[in-house]
Amino acid sequence: MKNYHATVTVTLRKAILDVQGKTVESALHSLHMPQLGNVRIGKHIELSVQAPDADTAREVVREACDKLLTNPVMEDYAVNITEEGAA
Amino acid sequence: MKLGVVTFPGSNCDHDALHAGSVHGFESVRLWHKDTSLPSGLDVIVLPGGFSYGDYLRTGAIARFSPLMAEVIAFANAGGLVMGICNGFQILCEAGLLPGALIRNAHLDFVCRDVTLRTETNKTPFSIALAEGSLLRIPVAHGEGRYVAAPDVIESIEANGQVLFRYVDVTGAASEASNPNGSTNNIAGIVNAAGNVMGMMPHPERYVEAIVGGADGRGVFESLVRHLAGIPA
């Protein structure tokens, strides 16, 4: 078994208006940064995973996303897996 | 008639729901989220309002996995009457007993005030005592009550008569101004396709006696009584 570090990025699905993102965008514009746009606000989740290989680790994290960490009705997610440095 | 109300850690409208049940002649019984069985002879289960598990992760996302929820889901799938109010609605959506999801209000503010609801159908156990088109004044109190679902889901619940209540103005018109949270099509409450599971963001249990500000919430409980007594609309 190896130790992996997983990060999950959760965002509202593209079809759903991200009102937090819109509000922050207009605040940025009022702070004289009109060059910034398309602000989207999501969640960042970190986990450690014990698995024989990276593919299995990814599989387990995706299962966690589908069961609990995200709601497919309103959210999309991306999983990133890195092996923790050998001690 | 027996009405059970599930208390989750963070529920805060459970006693209101128990009281509303008692006022309408139900034997109101408390149910605990860690219970692994339901009492016998239960007619209705209410998932009450509140902030179960502090709304951590997503509203209702953790409560949905409470031990008792497996029993609630089995009860619903066997045709039992289940009503989710506010956080209870969010839990039912997370549990997959109702379509769609409730997300952050469009204006980002917590909204706590009376709203006007239009009764869209009385062909459900939760609205049988109400006239279609009748207007109810009922309070809302939520930060995440914007009902969303995929376009084909919205189309199907509209076509199947699953929209129970809609936010409207005092003239009964569903306008943008009368929509307190940006819900799709001003949807305030829905039922599942079978009609035995209902979720609504407004709080009928808070308005069952004029002394607390209103009694328009009675219609929902009177409907349950009437349905259980077998009296048609």
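Here is the naming used below: chain letters follow the sequence lines, and residue numbers restart at 1 for every chain. The figures that follow rest on heavy atoms only: side chains count, while hydrogens, waters and symmetry mates do not.
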Quick check on the structure: residues of residues 14-46 of chain A within a heavy-atom distance below 4.5 Å of chain B, by number.
A:Ile16, A:Leu17, A:Val19, A:Gln20, A:Thr23, A:Lys43, A:Ile45

Would you mind checking which part of B:Ala150 comes under 4.5 Å of any heavy atom in chain A, side chain (CB onward), backbone (N, CA, C, O), both or neither?
neither

Per-residue contact mode, B:Arg146 against chain A (heavy atom under 4.5 angstrom)
side chain

Considering non-hydrogen atoms only, spot the tightest contact between A:Val73 and B:Gly100 and give its length.
CG1-C, 3.7 Å

Does the B:Arg58 side chain pair with the main chain of A:Leu68, one donor and one acceptor, at a distance under 3.5 Å?
yes

Relative to chain A, which segment of B:Leu108 carries a heavy atom at a distance below 4.5 Å: side chain, backbone, both, or neither?
side chain

Please determine whether the number of non-hydrogen atoms from other residues, nucleotides or ligands lying under 6.0 Å from atom CD of B:Glu132 exceeds 12.
yes

Ranked by heavy-atom pairs below 4.5 Å to chain B, first place among A:Lys67, A:Arg13, A:Glu75 goes to A:Glu75

When you look at CZ of B:Phe110, are more than 12 heavy atoms from neighbouring residues, nucleotides or ligands closer to it than 6.0 Å?
yes

